[in-house]
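Reading through the structure tokens given below for one structure.
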Amino acid sequence: MKSPALQASVINDLVLLSCVGLRPVMVHGGGPEINHWLSRLNIQAVFRDGLRVTDGDTMEIVSMVLVGKVNKTLVSLINKAGATAIGLSGMDGRLITACPSPKAADLGFVGEVEQVDPSVLRPLIASGYIPVVTSVAADKYGQPYNINADTVAGELAAALEAEKLILLTDVAGILENKDDPKSLVKEIDIKRVKKMMDNGKIGGGMIPKVNCCVRSLAQGVRTASIIDGRVPHSLLLEILTDEGAGTMITG
């Protein structure tokens, strides 16, 4: 989503899928944009184990950037491409209730999904709108939290009983050999993917993505894919072709 050309391509594909009768829900974060605004405001971005440390000041910026800027930019791009989008955060309609991450002492206002109530989304989807959801949500006391967007997408997919969960990333998918980009695993089941994790074949940023896919499959989502968003039209390739555009995990 950092490249305007790729961003436009993803948006156009999303709109096309919606025009042919699929009912997509888009979930987004916005790490690079948050870092950009933190540096403009002279606030240092700090990460521990790949997760952003979010103190009170940072959380305020995260909310402003994700809810106020990134979300509305995506809504407006979808509208411009010919569909009608509605932007929501986890707080809207109590869509997502957050709770502190077990590592809250180290990470600050980094949350997890405690509960999803998709009631607010159902009439929107039924009326042909494309919901665009950002991964900021509040706990039951109203305290906002920053939640990993992949996690939000997985839990939302499960709550909506979605047919498919697709995570757009900047890697090819799951590789049989981490150092060989040609060793892409096209399709794998939960048992085999867990074995790959136990054997250390899946590492780094791919671990939370795979865990998120496994969780959503366990809750009834039919298939979960991790695809390469850098490939033009990867979304269409994944949904409309046998070949796909990354790794599909099945239950």
Side-chain angles (χ1 to χ4, degrees), residues 1-2 27-71 89-91 96-116 133-158 165 167-175 178-179 193-194 196-216 218 224 226 228-230 247 249:
M1 297 304 269
K2 283 183 244 180
V27 177
H28 70 88
E33 192 80 33
I34 294 167
N35 292 343
H36 168 72
W37 283 95
L38 287 173
S39 76
R40 279 185 73 167
L41 296 162
N42 290 324
I43 300 171
Q44 175 125 26
V46 182
F47 290 87
R48 283 200 191 115
D49 300 330
L51 291 169
R52 182 185 301 280
V53 177
T54 309
D55 60 11
D57 287 348
T58 305
M59 188 60 231
E60 221 173 344
I61 306 302
V62 167
S63 273
M64 286 159 69
V65 171
L66 293 186
V67 182
K69 187 165 190 301
V70 179
N71 187 269
S89 72
M91 290 115 154
I96 293 156
T97 306
C99 59
S101 148
K103 298 177 180 166
D106 291 332
L107 296 172
F109 297 111
V110 170
E112 300 210 333
V113 175
E114 183 173 78
Q115 202 181 340
V116 179
V133 180
T134 189
S135 56
V136 172
D139 65 12
K140 50 181 181 279
Y141 306 109
Q143 169 60 50
Y145 283 87
N146 182 18
I147 308 179
N148 175 285
D150 292 332
T151 306
V152 169
E155 296 300 318
L156 208 49
L165 166 69
L167 302 182
L168 272 170
T169 65
D170 56 0
V171 291
I174 296 173
L175 303 175
K178 281 187 290 207
D179 305 318
V193 88
K194 283 184 170 168
M196 281 183 78
M197 285 170 86
D198 294 342
N199 297 342
K201 286 189 166 183
I202 296 170
M206 194 51 86
I207 294 174
K209 289 184 191 299
V210 170
N211 281 334
C212 155
C213 290
V214 168
R215 267 185 66 88
S216 68
I226 298 170
D228 192 344
R230 299 167 304 176
T247 301
I249 308 173

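Bear in mind that the values here come from a model prediction, so they are computed numbers and not experimental data.
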Check side-chain hydrogen bond (donor to acceptor under 3.5 Å, both in side chains) between Arg48 and all other residues, then give those that pass, not counting sequence neighbours.
-> none
Set of residues satisfying side-chain hydrogen bond (donor to acceptor under 3.5 Å, both in side chains) with respect to Thr151, sequence neighbours excluded | Asn148
Name all pairs fulfilling the side-chain hydrogen bond (donor to acceptor under 3.5 Å, both in side chains) condition that reach into residues 99-116, sequence neighbours left out, sorted by first residue then second.
-> none
Pairs where residues 198-214 contributes a residue and the test side-chain hydrogen bond (donor to acceptor under 3.5 Å, both in side chains) is met, not counting sequence neighbours = Asp150-Lys209, Glu176-Lys201
Between side-chain atoms of residues 138-146 and protein atoms elsewhere (two or more places apart, or another chain), which donor-acceptor pairs fall under 3.5 Å?
from: Asp139; atom 1: OD1; to: Tyr141; atom 2: N; distance (Å): 2.9
from: Asp139; atom 1: OD1; to: Gly142; atom 2: N; distance (Å): 3.0
from: Asp139; atom 1: OD1; to: Gln143; atom 2: N; distance (Å): 2.9

Determine the minimum heavy-atom distance between [X] and [Y], stating which atoms define it.
X	Y	result
Arg230	Asp170	CZ-O, 3.0 Å
Cys212	Leu167	SG-CD1, 4.2 Å
Ile147	Gly111	CG2-O, 3.6 Å

Run the side-chain contact (heavy atoms from CB on, under 4.5 Å) test against [X] and tell me which residues pass, sequence neighbours left out.
X	result
Val214	Ile190, Val193, Lys194, Val210
Ala45	Asn35, Leu38, Phe47, Arg52
Ala224	Leu165, Cys213, Ser216, Leu217

For residues 58-69, dump all side-chain donor-acceptor pairs below 3.5 Å to protein atoms at least two apart in sequence or in another chain.
from: Thr58; atom 1: OG1; to: Asp55; atom 2: OD1; distance (Å): 2.6
from: Lys69; atom 1: NZ; to: Glu33; atom 2: OE2; distance (Å): 3.1

For Arg215, all residues meeting salt bridge (charged side-chain N to carboxylate O under 4.0 Å, His left out), sequence neighbours excluded = Glu155
Spacing of CD1 belonging to Ile202 relative to OG1 belonging to Thr247, to within rounding of 0.5 Å | 8.5 Å
